[in-house]
K.L.:
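What follows is a single structure, and I will ask about it in a moment.
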Amino acid sequence: MIKITKFGGSSVANATQFEKVKNIINADSGRRFVVVSSAGKANSEDNKITDLLYLCHAHIEYHVDYHNIFEIIKKRFLDIKKDLKLNIPIEAELNEIEEKVPDMSIDELVSRGEYITSKMMANYLGFPFVDAKDVIRLNYDGSIDFPTTEQQLIRIVRTHDRFVIPGFYGTTADGSIKVMSRGGSDITGSILAKCLKADLYENWTDVSGFLMADPRIVKNPKPIKKITYAELRELSYMGASVLHEDAVFPVKEANIPINILNTNDPFAKGTIILDNIPPEENDSRITGIAGKKGFAAITLYKKHMPEAVGFFRKCLAVFEKFGISVEHLPSGIDSISMIVHEKDVKNCIYDIIAELREKAEPDDIKYISDISLIATVGRNMSRKIGTSGKLFTALGKNNINVKVMIQAFDEINILVGVSTEDFDNAIRAIYNTFVN
Ligand code: ASP
């Protein structure tokens, strides 16, 4: 059994967290390939090492002395070393990095968080340390060069039956260090799972998997035991964030399950993410609810719109010209709305409207802001008649006006748009009708 075991920043934030990681690794002999983030926040007053490294770089950029910030970083690492009695010359390495900070690229500098944390973890677990710079190959555009990465990984596992590797970075063909987007250690774990054909990718974090709704809105929401990649994509896009979105693609292609687990509650089963879940395994009508605020709609009206060939294209071309992504496109008979992120159009809405008037020649245009979208997601919805009936009844009974409703033919997600002031109540109403 090959398991890729990835620990996020909060799981390696201090010596106590390192001890929890060791217990988790020792509890299962399949946990041989360990991916580690950079030490994160152990509590709300803490700072993430990655943030502090970015801050060091900003100091250099503005010609401000960075040594005070670097001292905080050093202290965090040296405290862990002291508390765990590690036998590793980390101080010398930190001093060397500190000296080189002004000459390092931003990517190399911020990657040092993962590098040092992993080296300490390798020492603590008694595992070999493998540097991501010798394994993970990134293209210049940041995408992953899978063939080279796979070759390099296979070479490493010939001589190492276990190792700890830093997440978040790799190298480009010219040998320079390049980091992924924030939270990218999830992607490193996913790359390893795919290339080593793992049976399972365990992603250890500080929550016991996904919850059916945001606990800041719904009291004690139920955990999601199993979720498909497709459902996860819908919920993550709408704001439920536990896993980096790009971590899904490598393992989805290889059909490797991901288990989201909690380092602080290691016996909780967490959430399993799979490509396919047989319908009989979970009869729940919905899997989860997520929502996002900050949308706006630009609606165009035109008499006999169905006969106006090319009308939609002309409208969309205007948004393309302004570099604005249209998120949804609900339409009526003689009207069409373009739903966009309000922040994207806030500063140019008058220009967009003028251009739409000129290019599409509508009879009228209306702009509405302060819209929130709520996604009710479930793979079983397509098999269960009455789901939308239940949903809209719940909203109606709670006096919530639905401004827009969108469902694609895959019937995996019913999106409703409500006024932002109704956002929390709408989520609670949907949750209560399907779950409680
Ligand atoms: N340390 C990086 C970050 O804070 C990457 C990661 O944690 O996955 O974004």
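Ligands are counted one by one from 1 in listed order, and the atoms in each one are counted from 1 as well. When reading the values below, keep in mind they use all heavy atoms of this one structure, side chains included, and skip hydrogens, waters and symmetry mates.
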K.L.:
Is Lys82 salt-bridged to Glu91, cutoff N-O under 4.0 Å?
P.N.:
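The answer is no: the pair does not qualify as a salt bridge.
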
K.L.:
Starting from atom 4 (O) of ligand 1, locate the nearest protein heavy atom and write down its residue, its atom name and how far away it is, to 0.1 Å.
P.N.:
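Looking only at protein heavy atoms, the one closest to atom 4 (O) of ligand 1 is Arg182 NH2, 2.9 Å.
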
K.L.:
Does even one non-hydrogen atom of Glu114 get within less than 4.0 Å of ligand 1?
P.N.:
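Right, Glu114 reaches ligand 1.
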
K.L.:
Flag the pair Phe163 / Phe33 as yes when their ring centroid distance falls below 6.0 Å, and as no otherwise.
P.N.:
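Close enough - the centres of the two rings lie under 6.0 Å apart.
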
K.L.:
Return yes when atom NZ of Lys292 has more than 12 non-hydrogen atoms of other residues, nucleotides or ligands closer than 6.0 Å, and no otherwise.
P.N.:
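More than 12 heavy atoms, drawn from other residues, nucleotides or ligands, come within 6.0 Å of this atom.
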
K.L.:
If you count every heavy atom of other residues, nucleotides or ligands that lies below 6.0 Å from Glu320 atom CD, does the total exceed 12?
P.N.:
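Atom CD in Glu320 is not packed in, count stays at 12 or less.
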
K.L.:
Taking 4.0 angstrom as the limit and counting only heavy atoms of Gly183, give me the atoms of ligand 1 inside it, by number and element.
P.N.:
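Going through ligand 1 atom by atom, the ones under 4.0 Å from Gly183 are 3 (C), 5 (C), 6 (C), 8 (O), 9 (O).
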
K.L.:
Answer yes or no: are there more than 12 heavy-atom neighbours, outside Glu99 itself, under 6.0 Å from its atom CD?
P.N.:
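Not more than 12 within 6.0 Å, no.
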
K.L.:
I'd like to know if Gly9 contacts ligand 1, where contact means a heavy-atom distance under 4.0 Å to any ligand atom.
P.N.:
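In this structure, Gly9 fails to qualify as a contact of ligand 1 - no heavy atom is under 4.0 Å.
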
K.L.:
Against ligand 1, does Gly184 come closer than 4.0 Å with any heavy atom?
P.N.:
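Right, Gly184 reaches ligand 1.
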
K.L.:
Are Asp186 and Lys6 within salt-bridge range, i.e. N to O under 4.0 Å?
P.N.:
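Looking at Asp186 and Lys6, the cut-off is met.
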
K.L.:
Just need the protein heavy atom nearest to atom 7 (O) of ligand 1, so name the residue and atom and give the distance.
P.N.:
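Closest protein heavy atom to atom 7 (O) of ligand 1: Ser37 OG, 3.2 Å.
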
K.L.:
Around atom 6 (C) of ligand 1, find the nearest protein heavy atom and jot down its residue, atom name and distance.
P.N.:
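Its nearest protein heavy-atom neighbour is Ser185 OG, 3.4 Å.
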
